[in-house]
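Written out below as structure tokens is the structure these notes cover.
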Amino acid sequence: MIKGVIFDLDGVIVSTDELHYQGWKYMADSEGIYFDRQINERLRGVSRMESLSIILEKASKTYTDAQKEALATLKNDYYKELLATTLSPADILPGVLNVLSGLKAAGIKIAIGSSSKNTPTILKQIGLDKTFDAVSDGNNITNSKPDPEVFLIAAEWLGLKPEDCLVVEDAEAGVTAAKAGGMKALAVGSAATDDRADLAAADLSLINVEQMINL
Ligand code: B16
Ligand code: MG
């Protein structure tokens, strides 16, 4: 019986993939580095600096740490501008609000477990900044997914043991992290075919709260 559900943010609660893509594309074009949507898929659930390392695999020169910081900032400033001008509650993914209210009604604790340092901004912008019992994100971790740290901290902040928690993820790295942390995993979106998941669906509108709790 599940006592707490930890939701990944990007790709589970709201889809910011396209905005991340636009931000990285802006940075890559300014440096003349090849970058496409297929490479962007590899950045799902991965931290900002690790994402940059993946993009720089296509670069024809090497960058110092200070230059890498500047490139990450260039992307993030552009991405934050896109968040501020385009993201709204209408971008909350299908089934999310029903699942959240159903879990609350059933007395199940809910948390966020995201790699993103922009989590507080995103939650505020989509009107869910007061919804979760705990928010663990890129600002409070030293190791990002596939390390389980972000989920273990979320479970601890909910006052629950990892084995009593279910993680909802859209990224392979996130499913790996959930399993490494001793939690159950519900895979959605691009992770829906991951056979390590305890439950899978294209999106949360296809899942009911009983299925989640009785895992
Ligand atoms: P930021 P999640 C992840 O969020 C994104 O999927 C990934 O593409 C991004 O690089 C990472 O957050 C860091 O984001 O640059 O905003 O700190 O899926 O773990 O909610
Ligand atoms: Mg994600």
Side-chain angles (χ1 to χ4, degrees), residues 5-28 35-56 68-84 86-87 91-93 96 110-126 128-129 132 134-154 167-178 180-181 183 185-192 194 197 200-204:
V5 180
I6 304 168
F7 293 85
D8 171 52
L9 181 63
D10 292 340
V12 170
I13 300 290
V14 66
S15 184
T16 51
D17 308 34
E18 180 60 25
L19 306 185
H20 277 294
Y21 171 74
Q22 297 296 340
W24 285 125
K25 183 75 180 146
Y26 174 75
M27 183 285 293
F35 179 62
D36 62 18
R37 288 175 195 279
Q38 207 176 335
I39 300 171
N40 193 55
E41 278 300 306
R42 290 173 58 200
L43 314 183
R44 210 178 272 281
V46 174
S47 74
R48 194 180 308 162
M49 294 313 285
E50 284 166 305
S51 297
L52 178 64
S53 297
I54 291 170
I55 293 167
L56 292 184
K68 287 182 189 172
E69 281 295 337
L71 294 182
T73 300
L74 185 69
K75 179 265 177 175
N76 195 49
D77 287 348
Y78 191 86
Y79 174 64
K80 283 197 297 188
E81 185 65 29
L82 291 176
L83 287 177
T86 67
L87 198 68
D91 295 305
I92 295 172
L93 288 167
V96 168
I110 54 174
I112 288 286
S114 168
S115 301
S116 176
K117 292 185 174 176
N118 290 300
T119 294
T121 308
I122 294 170
L123 287 177
K124 196 158 194 187
Q125 191 115 1
I126 60 175
L128 295 183
D129 53 320
F132 295 90
V135 175
S136 173
D137 64 32
N139 298 296
N140 60 258
I141 53 169
T142 44
N143 305 296
S144 109
K145 302 166 190 175
D147 190 284
E149 185 181 2
V150 75
F151 296 141
L152 292 175
I153 291 173
V167 166
V168 188
E169 259 292 348
D170 72 310
E172 193 189 320
V175 175
T176 306
M183 299 164 189
L186 161 54
V188 296
S190 52
D194 194 319
D203 66 56
L204 284 175

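Every heavy atom of this structure was used, including side-chain atoms; hydrogens, water molecules and symmetry mates were not. All ligand and atom numbering here is 1-based and tracks the order in the structure.
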Determine whether a donor-acceptor pair (N or O, by modelled atom type, separation under 3.5 Å) exists between the side chain of [X] and the backbone of [Y].
{"X": "Ser136", "Y": "Val150", "result": "yes"}
{"X": "Glu149", "Y": "Ile141", "result": "no"}
{"X": "Lys25", "Y": "Phe35", "result": "yes"}
{"X": "Gln125", "Y": "Leu83", "result": "yes"}

Per-atom contacts of ligand 1 with [X], taking only distances under 4.0 Å to non-hydrogen atoms:
{"X": "Ser51", "result": "10 (O)"}
{"X": "Leu9", "result": "20 (O)"}
{"X": "Lys117", "result": "1 (P), 16 (O), 17 (O)"}
{"X": "Asn118", "result": "1 (P), 16 (O)"}
{"X": "Ser114", "result": "2 (P), 4 (O), 19 (O), 20 (O)"}

- Message: Between Glu18 and Arg37, does any NZ, NE, NH1 or NH2 come within less than 4.0 Å of an OD or OE carboxylate oxygen?
- Response: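 Looking at Glu18 together with Arg37, the answer is yes, because their closest N to O distance falls below 4.0 Å.
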
- Query: For ligand 1, which part of Ser116 has a heavy atom less than 4.0 Å away: the side chain, the backbone, both, or neither?
  - Reply: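 Both parts.
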
- Quick one: give me the number of protein N/O/S atoms under 2.8 Å from the Mg ion (ligand 2).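 Near the Mg ion (ligand 2), the number of protein N, O or S atoms below 2.8 Å is 3.
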
Those residues that, when tested against [X], pass side chain to side chain contact (heavy atoms under 4.5 Å, CB included) (two or more places apart):
{"X": "Ser116", "answer": "Asp10, Ser114, Asn118, Thr119, Ile122"}
{"X": "Leu152", "answer": "Pro148, Pro162, Met183"}
{"X": "Ala197", "answer": "Ala187"}

- Item | Heavy atoms from other residues, nucleotides or ligands near OH of Tyr26 exceed 12 (cutoff 6.0 Å) |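 12 or below, so no.
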
- Query: Applying a strict 4.0 Å limit to heavy atoms, is Gly45 in contact with ligand 1?
  - Reply: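 The answer is yes, since Gly45 has a heavy atom less than 4.0 Å from ligand 1.
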
- Query: Taking the non-hydrogen atoms of Glu50, is any one of them nearer than 4.0 angstrom to ligand 1?
  - Reply: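 Judged by the 4.0 Å heavy-atom criterion, Glu50 does not count as contacting ligand 1.
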
- Query: Do Leu93 and Leu204 come close enough that some side-chain heavy atom pair is under 4.5 Å?
  - Reply: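 Answer no - side chains too far apart.
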
